[in-house]
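Just so it is clear, the values below take in all heavy atoms, side chains as well, and ignore hydrogens, waters and symmetry mates.
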Amino acid sequence: MEEQILDQLYADMEVLEKENDMLPPVKRIKEASVPLLQWYRRHARTLPWRESPTPYHVWVSEIMLQQTRVEAVKAYYERFLAELSDIQALADVKDERLMKLWEGLGYYNRARNLKRAAEEAVLTYGGKLPDSYEELLKLPGIGSYTAGAVASIAYGIPVPAVDGNVLRVISRLLASTEDILKPSLKKKMEELLTEAMPKENAGDFNQALMEIGALVCIPNGQPHCGECPLRGLCLSNRYQKTDSIPVKTPKKSRRVQERTVLAVACGSEVLIHKRPDKGLLAGLYELPNTEGHLEKGQVYAYLGISEEDILVMERLPEAKHIFSHVEWRMTGYYIKLKEEWGKLRDSRDNLPGELVDKADAESRYALPGAFKAYVGYLFH
DNA sequence: AAGACGGGGAT
DNA sequence: ATCCCAGTCTT
């Protein structure tokens, strides 16, 4: 008798599991949205940009959050908003000040595009951000993710915001083995979510997916499936595939470049150089540097000086800086020029950069971290 | 489709 | 040392 009951129970469970397995993706996401939103209401972090989610606030935060961790963004966001509290202020900010506010955050084109978009908002949209996904998408620096995030969070428009978190969470939920680095997969995901997402709570739904990706369905270590509200619906959890999903093709290794960095002082001044406004670290300042590991003689030639112009010259230790796509292996020289030499206009003009007051160099100009190992010799 | 574009924290 | 982050733009 008892055995029969158990058999029936197992049979029922099997049917239920099979039904669960057969659930089409759209329905699976729709079912997941209920416990997901419930979970989000309890676990949403308190974040500065959530206090008053105006379009401007959401926009600035989303740009800063591109490829950047929440913890890193917080302080930058507060300082940025304190100084540039509305779109007009952003449109009016001096480029140099803008870069200083962004210094250390990386991907500096984000800041330039932010200002460009603000100028366009002032010019074309009456000083406000446009209120449709399509119009947002036209602004510089706003791609499908950011347009979706601003549209849904600030305006309540039911469009998805697919970032790395969402790609990972949904891929696991559906046990999809497609490569999430492929643009085509992201597009499919956006179409799927457009159909499956709740039309009423779009902003919360999008944020909930990202939040659960950041806190539970995490990228590197083991996901915390035990505390996941979606574990009953998650096919990767059921088939123990969270180790292999999401699938990502390995990326190419970065190239290595040798460079020589020069810490040049002359009296109370130091030598800095403005980088071109395209390419790596565009528009930021740097210590003069050039490709290759230079000997002393090559350094004189590079600086356009001769040996008798120099008061002190010493070799500095090697240093390394890693960007995402290139690695700099640097060597350096500290050079103190004779003060009287620095007073000659001709000699100053031939330098690869400009001599500026030491105190100014630190407070006014954005000097990226790549030169950290060598700026110390100049300023301290 | 592939590469450029930063910096830092976790493993 | 490697991964990867609330991605976008250019080639």
Please state whether the phosphate of B:dC5, meaning OP1 or OP2, lies under 4.0 angstrom from any side-chain nitrogen or oxygen of A:Arg254. no
Quick one: the side chain of A:Ser324 and the base of B:dG7, do they pair up donor-acceptor inside 3.5 Å? no
Within residues 177-211 of chain A, residues whose heavy atoms come under 4.0 Å of DNA chain C: A:Lys186, A:Met210, A:Glu211
Walk me through it: do A:Asn165 and A:Glu211 pass the test side-chain hydrogen bond (donor to acceptor under 3.5 Å, both in side chains)? CA-CA 8 Å; A:Asn165 287 310; A:Glu211 198 85 346; over 6 Å; no
Residues which pass side-chain contact (heavy atoms from CB on, under 4.5 Å) with A:Val169, listed by chain and number, not counting sequence neighbours: A:Leu209, A:Ile212, A:Cys217
Is the backbone N or O of A:Ser85 less than 3.5 Å from a side-chain atom of A:Tyr56, with the two atoms forming a donor-acceptor pair by type? no
Below 6.0 angstrom between ring centroids: does that apply to A:Trp102 and A:Tyr76? no
For DNA chain C, the residues among residues 144-174 of chain A that have a non-hydrogen atom under 4.0 Å from it: A:Ser144, A:Tyr145, A:Thr146, A:Asp163, A:Gly164, A:Asn165, A:Arg168
Using side chain to side chain donor-acceptor pair (under 3.5 Å) as the criterion, list what pairs up with A:Tyr333, not counting sequence neighbours. A:Arg315
Using side chain to side chain donor-acceptor pair (under 3.5 Å) as the criterion, list what pairs up with A:Asp309, not counting sequence neighbours. A:Ser306, A:Trp341
Check the side chains of A:Gln222 and A:Thr242 for a donor-acceptor pair under 3.5 angstrom, ignoring hydrogens and angles. no
Across the strands shown, which category fits A:Arg275 at heavy-atom distances under 4.0 angstrom: base, sugar-phosphate, nothing? nothing
Between atom CG of A:Leu284 and atom OH of A:Tyr365, what is the distance when rounded to the nearest 0.5 Å? 13.0 Å
Distance check, P atoms only: B:dG6 and C:dT10, in whole angstrom units. 14 Å
With the criterion being N/O to N/O and under 3.5 Å, what pairs connect the protein with nucleotides 8-11 of chain B, and how long is each?
{"residue": "B:dG8", "atom": "N2", "partner": "A:Arg69", "partner atom": "NE", "Å": "3.1"}
{"residue": "B:dG8", "atom": "N2", "partner": "A:Arg69", "partner atom": "NH2", "Å": "2.5"}
{"residue": "B:dG9", "atom": "N2", "partner": "A:Arg69", "partner atom": "NH2", "Å": "3.4"}

Looking at every strand, decide which applies to A:Val326 at a 4.0 Å heavy-atom threshold: base, sugar-phosphate, or nothing. nothing
What contact category does A:Gly279 fall into here, base, sugar-phosphate, or nothing, at under 4.0 angstrom with non-hydrogen atoms? sugar-phosphate
Take the protein atom CD of A:Glu286 and the nucleotide atom C1' of B:dG6, then report the distance between them rounded to whole Å. 15 Å
Closest nucleotide of DNA chain C for A:Ala214 versus for A:Lys320: which of these residues is on the 5' side? A:Lys320
Could you list who else is in A:Ile322's hydrophobic cluster, with ILVMFWY side chains joined at under 4.5 Å, directly or through other members? none
If you measure from the P atom in C:dA6 to the same atom in B:dG3, how many Å do you get, rounded? 24 Å
Does B:dA4 have OP1 or OP2 sitting under 4.0 Å from an N or O in the side chain of A:Tyr107? no
Rounded to whole angstroms, how far apart are CG on A:Leu65 and P on B:dG7? 17 Å
From the 5' end of DNA chain C to its 3' end, which nucleotides mark the outer limits of contact with chain A, defined by a 4.0 Å heavy-atom distance cut-off (strictly under)? C:dA1 to C:dC9
Considering only heavy atoms, which members of residues 74-84 of chain A lie under 4.0 Å from some atom of DNA chain B? none
Whole-Å gap separating C1' (B:dC5) and CG (A:Leu114): 16 Å
Check side chain to side chain donor-acceptor pair (under 3.5 Å) between A:Thr68 and all other residues, then give those that pass, not counting sequence neighbours. A:Arg110
Distance, rounded to the nearest Å, where A:Glu71 contributes CD and B:dG6 contributes C1': 18 Å
Sugar-phosphate only, base, or nothing, as touched by A:Leu105 at under 4.0 Å among non-hydrogen atoms: base
Do the rings of A:His43 and A:Trp39 sit parallel, tilted or perpendicular, given the 30° and 60° boundaries? parallel
Using salt bridge (charged side-chain N to carboxylate O under 4.0 Å, His left out), reason through A:Glu190 and A:Lys187 one step at a time and then give a plain yes or no. CA-CA 5 Å; A:Glu190 286 168 346; A:Lys187 193 169 176 192; over 6 Å; no
A:Arg259-A:Asn289 side chain donor-acceptor pair, cut-off 3.5 Å: yes
Tell me the interatomic distance from A:Leu280, atom CG, to B:dG3, atom P, rounded to whole angstroms. 17 Å
For A:Arg69, all residues meeting side chain to side chain donor-acceptor pair (under 3.5 Å), sequence neighbours excluded: none
Verify the neighbour count for atom NZ of A:Lys182: are there more than 12 heavy atoms of other residues, nucleotides or ligands below 6.0 Å? no
Just to confirm, is there a sub-4.0 Å distance from OP1 or OP2 of B:dC5 to any side-chain nitrogen or oxygen of A:His325? yes
Is the shortest side-chain N to carboxylate O distance from A:Arg329 to A:Glu258 below 4.0 Å? no
Among all residues two or more places apart in sequence or in another chain, which pass the side-chain contact (heavy atoms from CB on, under 4.5 Å) test with A:Glu195? A:Val26
